[in-house]
Undergrad: 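Can you read through this structure? Questions will come right after.
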Amino acid sequence: MSEPLLSVKNLTIDYIGDETDFRAVDNVSFDVAPGEVFGLAGESGCGKSTIAFAISRLHRPPALIRTGSEILLDGRDVLDLDQKELAAFRWREVAMVFQSAMNSLNPVLRVEAQFYDVLKTHLGMTKVQARERTAEMLRLVDINPDRMRDYPHQFSGGMRQRIVIAICLALGPKLVVMDEPTTALDVVVQREILQRINELRRKLGFSVLFITHDLGLMVQFCDRIGIMLGGKLVEQNTAQAIYRTPQHDYTKKLWASFPSLHGGVLA
Ligand code: ADP
Ligand code: MG
């Protein structure tokens, strides 16, 4: 594997409680190569979102990242960034799309204004420059640029999610963290969006950390997959190997609970 873009090393995260601490992420290590899609799978509560938030530096108390943990992006430890560096890091280096991201659009602002906000703040673009970039990004996610003057409620859920993805990609991040990005949408729309993301990834070259509880989507969409159980990463391998020759008992059990996939997805 080439030099990784993202290297997570011995990541340990506790939720600090009054009585006891809860270890949500336990000594997790994995790498994501440039342009690669790495998936994190595992049942609800196993620590996937906690990892996603830590990588994006969006974790908040009571989450506490333990000493000895490292999150290296292009060789720099994300955990060492100060507030000023963080502002640049967010959006420009790492963008995060989560399940309810489509609801994070401001309902009283036109789509155009929401792009402008980000493009002015981070790239110092003028209105004219921003309008041009907005049109380009909307085209990339299959939305007619003429609609940039519309308000969020004038779009369907799937379109709003694609708009958020377009805003996230407008600054050219190296890594896009997607935590259940399409779970709130119907199956057909989910697949359309993921296909689009995949095309964009090939074109723009960013890496993706992809989180979903949908193993079928996972295997189709990811190059490599890590399987989590109770805060630990118990197995990681290529999507093919995880699917065809799972090693860990838990991975085998996960597949057994999705019998319809066998012989279907990758056949
Ligand atoms: P996943 O995304 O895999 O469903 P999470 O990362 O959201 O899992 O949660 C991992 C564990 O940490 C769960 O057991 C959850 O209950 C716990 N947890 C998450 N957020 C908090 C919090 N703010 N305070 C205490 N415990 C939390
Ligand atoms: Mg989650």
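In what follows, every heavy atom counts, from backbone to side chain, and hydrogens, waters and symmetry copies are set aside. Note that ligands are numbered from 1 as they come in the structure, with each ligand's atoms numbered from 1 the same way.
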Undergrad: For atom 5 (P) of ligand 1, grab the closest protein heavy atom and report residue, atom and distance to one decimal in Å.
TA: T50 OG1, 3.6 Å

Undergrad: Is the distance from the Mg ion (ligand 2) to the nearest N/O/S atom of S49 under 2.8 Å?
TA: yes

Undergrad: Are any non-hydrogen side-chain atoms of R110 and M148 less than 4.5 angstrom apart?
TA: no

Undergrad: With distance as the sole criterion, is a donor-acceptor pair present between the side chains of H213 and E43 under 3.5 Å?
TA: no

Undergrad: Under 3.5 Å between any N/O of C46 and any N/O of ligand 1: does that happen in this structure?
TA: yes

Undergrad: Quick one: look at P62 and ligand 1, take heavy-atom pairs under 4.0 Å, and tell me if it's side chain, backbone, both or neither.
TA: side chain

Undergrad: Looking at E112 and A130, would you say the former's side chain and the latter's main chain have a donor-acceptor pair under 3.5 Å?
TA: no

Undergrad: Might you point out which heavy atoms bring A101 and V164 nearest each other, and give the distance in Å?
TA: O-CG2, 3.5 Å

Undergrad: Please report whether atom 9 (O) of ligand 1 has a protein non-hydrogen atom at a separation of less than 4.0 Å.
TA: yes

Undergrad: Starting from atom 13 (C) of ligand 1, what is the nearest protein heavy atom, named by residue and atom, and what distance separates them?
TA: G45 O, 3.5 Å

Undergrad: Report whether Y151 and F155 are members of the same hydrophobic cluster (ILVMFWY, side-chain heavy atoms less than 4.5 Å apart, transitive linking).
TA: no

Undergrad: Ignoring angles and geometry beyond distance, decide whether A24 reaches within less than 3.5 Å of ligand 1 through its nitrogen or oxygen atoms.
TA: no

Undergrad: Considering all protein heavy atoms, does one lie under 4.0 Å from atom 15 (C) of ligand 1?
TA: no

Undergrad: Given 3.5 Å as the limit, does a donor-acceptor pair link the side chain of T182 with the main chain of L185, or not?
TA: no

Undergrad: How far is atom 24 (N) of ligand 1 from its nearest protein heavy atom, and which residue and atom name does that atom have?
TA: Y15 CD2, 3.5 Å

